[in-house]
Amino acid sequence: MGFPVERPRRLRRSESLRRLVRETRLSVDDFVYPMFVVPGDGVAEEIGSMPGQHRYSLDRLLDAARRVEDAGVPAVLLFGIPETKDPLGTEAYAPHGIVQRAVESLKERTKLLVITDVCLCEYTSHGHCGVFEEGRVVNDATLELLARSAVSHARAGADVVAPSDMMDGRVGAIRRALDESGFGETAILSYAAKYASAFYGPFREAAESTPQSGDRQGYQMDPANAEEALREMALDVEEGADMLMVKPALAYLDVIRRAKEAFHFPMAAYNVSGEYSMIAAAARNGWIDGRRATLEVLTAIKRAGADIIITYAALDAAGWLRGR
Ligand code: PBG
């Protein structure tokens, strides 16, 4: 057939037609909202590198979490910034650590699904994601500490634990530790394909987790590799991951698509801090329409194959979707 019989523009003539033939529908049900909890009282400080995002002390976290709930967003992903840091990141697995208390509080007082980030980098004085010796992160010694962290989160009431460290074997180590401690129902969302990305820059200011020396290329993935991402995911599936994640999202849409096709698992994508802040900064300067750009990228992430979108824009997007 072809032109002039075929005219694809016929189906773009009106919003009602476009609605009818739209292939990808963003929903508030897809969103997970990341939140940062810090020590202190009455703290709600805006993060300079992430306009519109805040770090909250426990009391203020609860108010903010209620707003998340009211917006209809089903889940939060919690990051803790401890009072003190040490080489072994002991506050990461302290029974009454900052994140453990935050989980308890949210599970007691809200209906939100609570996911915790399991990693050591916010808790270690050197800022690396594991035990750091002679300039290297030691894989197997780190597993034990990650497993302890995950169990402490589960004990506090976390529904899902999300390891983001990229050590080999951590999903298996965490699954075994959870099962042995009676947390067989706690799910694992694995940051399976996490790249060594420049787009984490703003987050590292928020979480005070910039490595004091070196970088994370010895454990996070090379942005050039996609086959390797599929191997990472296969390993995590074997080790007992319940859900898989690709992170960041926008520069890795091809990886999301391939992973969705290769594994029949719920697929999450993390629309990371740098991706958020680029739009936020440009919008503040009047260079871009923040609302349209945000909805466009979130739709693209879903179209690529993500079932779950972790995004700092969750609250804004929830509001816009409701108003539409
Ligand atoms: C590590 C962790 C990071 C992010 C989530 N978990 C930072 C890193 O690996 O350096 C980044 C999130 C973002 O940029 O929004 N605990």
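Counting convention: from 1, in listed order, for ligands and their atoms alike.
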Practice prompt. Anything under 30° is parallel, anything over 60° is perpendicular, the rest tilted; go ahead and classify Tyr252 against Tyr195.
Written response: parallel

min-distance protein heavy atom vs atom 5 (C) of ligand 1 -> Lys247 NZ, 2.6 Å

The protein heavy atom nearest to atom 14 (O) of ligand 1 is Ser273 OG, 2.7 Å

request  = Take Phe203 and Phe79 through the ring-ring contact (aromatic ring centres under 6.0 Å, His included) test and state the conclusion after the steps.
outcome  = CA-CA 10 Å; Phe203 171 96; Phe79 293 94; 5.0 Å; yes

Review point. Is the shortest distance from a Lys or Arg side-chain nitrogen in Arg231 or Glu227 to a carboxylate oxygen in the other one below 4.0 Å?
Key: no

Atom 16 (N) of ligand 1: closest protein heavy atom, distance to 0.1 Å, is Glu122 OE2, 3.0 Å

Lys194 to ligand 1, any heavy atom closer than 4.0 Å: yes

_Is the positively charged end of Lys194 above the ring of Tyr219, judged by distance under 6.0 angstrom from the centroid and angle within 45° of the axis?_
no

Do other residues, nucleotides or ligands put more than 12 heavy atoms under 6.0 Å from Arg136 CZ?
no

Q. Does ligand 1 have any atom sitting under 4.0 Å from a heavy atom of Phe79?
A. yes

message = Could you check whether any heavy atom of Cys121 sits closer than 4.0 Å to an atom of ligand 1, since that is the contact criterion I want to use?
response = yes

among protein heavy atoms, the one nearest atom 12 (C) of ligand 1 is Phe203 CD1, 3.3 Å

Looking only at N/O atoms, are Ser209 and ligand 1 under 3.5 Å apart anywhere?
no

